[in-house]
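Note that these values count all heavy atoms, side chains included, but never hydrogens, waters or copies made by symmetry. Throughout, a chain's letter reflects where its sequence line sits, starting with A, and its residues are numbered from 1.
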Protein chains: 2
Amino acid sequence: MHSPTKHIAESTVRRLSLYLRFLEEFEARGQTTVSSGELARSGGTTSAQVRKDLSFFGSFGKRGLGYGVKDLISSIREILGLEQPWPVIIIGAGKIGAALAQYRGFTSRGFHVVGVYDADPSKVGMQLGALAVRSDKEIERDIAAHKPRIAVLAVPADAAQPMVDRVVAAGMHAVLSFAPAPLHAPHGVTIRAVNMATELEILAYSLTHGV
Amino acid sequence: MHSPTKHIAESTVRRLSLYLRFLEEFEARGQTTVSSGELARSGGTTSAQVRKDLSFFGSFGKRGLGYGVKDLISSIREILGLEQPWPVIIIGAGKIGAALAQYRGFTSRGFHVVGVYDADPSKVGMQLGALAVRSDKEIERDIAAHKPRIAVLAVPADAAQPMVDRVVAAGMHAVLSFAPAPLHAPHGVTIRAVNMATELEILAYSLTHGV
DNA sequence: ATGGCTTTGTGAAATCTTTCACAATGTAGT
DNA sequence: ACTACATTGTGAAAGATTTCACAAAGCCAT
């Protein structure tokens, strides 16, 4: 239970994260039980999809009744690894980096920002919420000392790959990049890239070719 | 040419956007011709994938030689609908909205921000680059008058769905949301949601379960 | 307890996406 | 003009994901 034998598709993990959000809403409304159909309706998918997604990790429901809201919340949190805290560093204290550093939704699920770095000396020392921006020269030392698990990159495109190489060399295994640049990393390191321009271009495509 | 008969997968459109980025790099370096293999290597995919993606829209290469860099750039820009400008409005002038409004990579590909709105009177009038924040009450009038094609939402989770309903009622057909909330829209309206928390949770999953 | 109703969990089928593999076509050198 | 070589475009195969459909299991009312 909770440890799938075969590889799980990213789309499944993404939906689990979504289900978790709905379940928390159901919990806040005091609902104790939820069916795959209800979850599916909230998330724009099908009940079979919900059941299949969960079935990769075990059997969490009661036939005839559905899923216990609180139980399923714990189960999904455990599946996603959210029962432990995830220290995160943010690299790049420009507009986006600064906004992320102070973004509250960020910290809510166990992710908490433990450091913000910038290469620009004029930004170093700047206060962002509770944190002061540190020099990028401290990144390696801080990674070694505090073992943050995820690095969020909000640096210019041409600085992104060199910075990935640095944090990976320093022992980082997960990177979330907002830089508009494709990134490569060695096996064993997970990189995710969010590219605003690409998202807009997909919208432009769908507007251009009809929905 | 340029108008596929069958439905095109989002993954294909996403890769086209990526290829465009690489092609522009090749162009900047003065390269006039590129093979599917070279494009594949930059993008972490396979040459067959590149050729298949393009083949949905027509035949753009020369056998034995590859693709003309400039020609392929125009072709992909046309496929994605980037030969025309795309006026965009940003709703929500908090940290994220303000950062997006001033994000330069945003405007580079024909997307340009023509309005920023917020419901908070204390934010209205605030200057963000060349634009002043306007009251959310003006959204409907401005959509009718200036016909922006895409709305970017950077509002709190509970304000997101009502705001989608408002802009859709006012005639908007495409929304890019950064709100941590699942959104629904009628048929004919495309919604894309970028959810920072979900991206981090996918990283947490991959760190928890090994890569 | 029994019967009717609901809902899960899951193989099998259908659909969608990627990869393979190769004929067709064009280049470049001689 | 010919030959050797490179590369595209694309059906067909393989692989991945989603949907179907139904037996199994448990709830609830009587």
Side-chain angles (χ1 to χ4, degrees), chain A residues 1-19 22-23 26 31-69 71-73 75-76 79 202 205, chain B residues 1-19 22-23 26 31-73 75-76 79 202 205-206:
Chain A
M1 178 145 147
H2 294 177
S3 286
T5 51
K6 46 171 269 181
H7 175 256
I8 298 298
E10 181 190 310
S11 49
T12 291
V13 179
R14 182 178 294 279
R15 281 190 299 267
L16 288 176
S17 159
L18 203 59
Y19 302 154
F22 295 125
L23 285 164
F26 284 123
Q31 194 170 333
T32 57
T33 264
V34 68
S35 70
S36 57
E38 282 176 283
L39 270 178
R41 233 165 296 125
S42 320
T45 179
T46 66
S47 64
Q49 179 79 81
V50 172
R51 296 198 300 278
K52 183 66 93 178
D53 285 338
L54 293 171
S55 76
F56 294 127
F57 299 93
S59 171
F60 306 100
K62 283 210 187 67
R63 294 176 191 225
L65 189 61
Y67 302 88
V69 170
D71 290 352
L72 193 51
I73 286 176
S75 298
I76 294 183
I79 290 167
I202 295 174
Y205 175 89
Chain B
M1 176 147 148
H2 294 177
S3 285
T5 52
K6 46 171 269 180
H7 176 257
I8 298 299
E10 182 190 308
S11 48
T12 291
V13 179
R14 183 178 294 278
R15 281 189 300 265
L16 288 176
S17 159
L18 203 59
Y19 302 154
F22 295 125
L23 285 164
F26 285 123
Q31 194 171 335
T32 57
T33 265
V34 69
S35 71
S36 57
E38 283 176 283
L39 270 177
R41 234 165 295 125
S42 321
T45 178
T46 66
S47 64
Q49 180 80 81
V50 172
R51 296 199 299 279
K52 183 66 93 180
D53 285 339
L54 293 171
S55 76
F56 294 128
F57 299 93
S59 170
F60 306 99
K62 284 209 186 67
R63 293 176 191 226
L65 188 62
Y67 301 87
V69 171
K70 279 179 199 280
D71 289 354
L72 194 50
I73 287 176
S75 298
I76 294 182
I79 290 167
I202 295 174
Y205 175 88
S206 74

Item to check | Nearest heavy atoms of Leu18(B) and Gly43(B), plus distance in Å | outcome: CD2-O, 4.3 Å
Item to check | Nearest atoms (heavy-atom pairs only) where Phe22(A) meets Ser42(A) | outcome: CZ-O, 3.2 Å
Would you say the side chain of [Y] lies within less than 4.5 Å of the side chain of [X], judging by non-hydrogen atoms?
X	Y	answer
Phe60(B)	Asp71(B)	no
Tyr205(A)	Leu16(B)	no
Asp53(A)	Thr45(A)	no

Next on the checklist: Heavy atoms only, 4.0 Å cut-off, all strands: where does Ser47(A) land among base, sugar-phosphate and nothing?
Outcome noted: nothing
Which of these nucleotides, [options], is closest to any side-chain atom of [X]?
X	options	answer
Ala9(B)	dT17(C), dT7(D), dT19(C)	dT17(C)
Arg51(B)	dT18(D), dT18(C), dT8(D)	dT8(D)
Ser59(A)	dT18(C), dG9(C), dT8(D)	dG9(C)
Ser11(B)	dT18(D), dT7(D), dT17(C)	dT17(C)
Ala48(A)	dT7(D), dA12(C), dA21(D)	dA21(D)
Leu65(B)	dT27(C), dG11(D), dT18(D)	dT27(C)

Item to check | DNA chain C: 5'-proximal contact among Asp53(B) and Arg63(A) (nearest heavy atom) | outcome: Arg63(A)
Return no unless some side-chain N or O of [X] is found under 4.0 Å from OP1 or OP2 of [N].
X	N	result
Tyr67(A)	dG9(C)	yes
Thr46(B)	dT19(C)	yes
Ser36(B)	dT8(D)	yes
Gln49(A)	dT19(D)	yes

Checklist entry - Relative to the 5' end of DNA chain D, which residue comes earlier, Lys62(A) or Thr12(A), by the nucleotide with the nearest heavy atom? => result Thr12(A)
Item to check | Comparing Leu54(B) and Ile8(A) on DNA chain D - which has the more 5′ nearest nucleotide | outcome: Leu54(B)
Roughly, in whole Å, what's the span from [atom1] in [X] to [atom2] in [N]?
X	N	atom1	atom2	result
Glu10(B)	dC16(C)	CD	C1'	14 Å
His7(A)	dT18(C)	NE2	C1'	15 Å
Lys52(A)	dA16(D)	NZ	P	15 Å
Arg14(B)	dC16(C)	CZ	C1'	17 Å
Phe60(B)	dT25(C)	CZ	C1'	18 Å

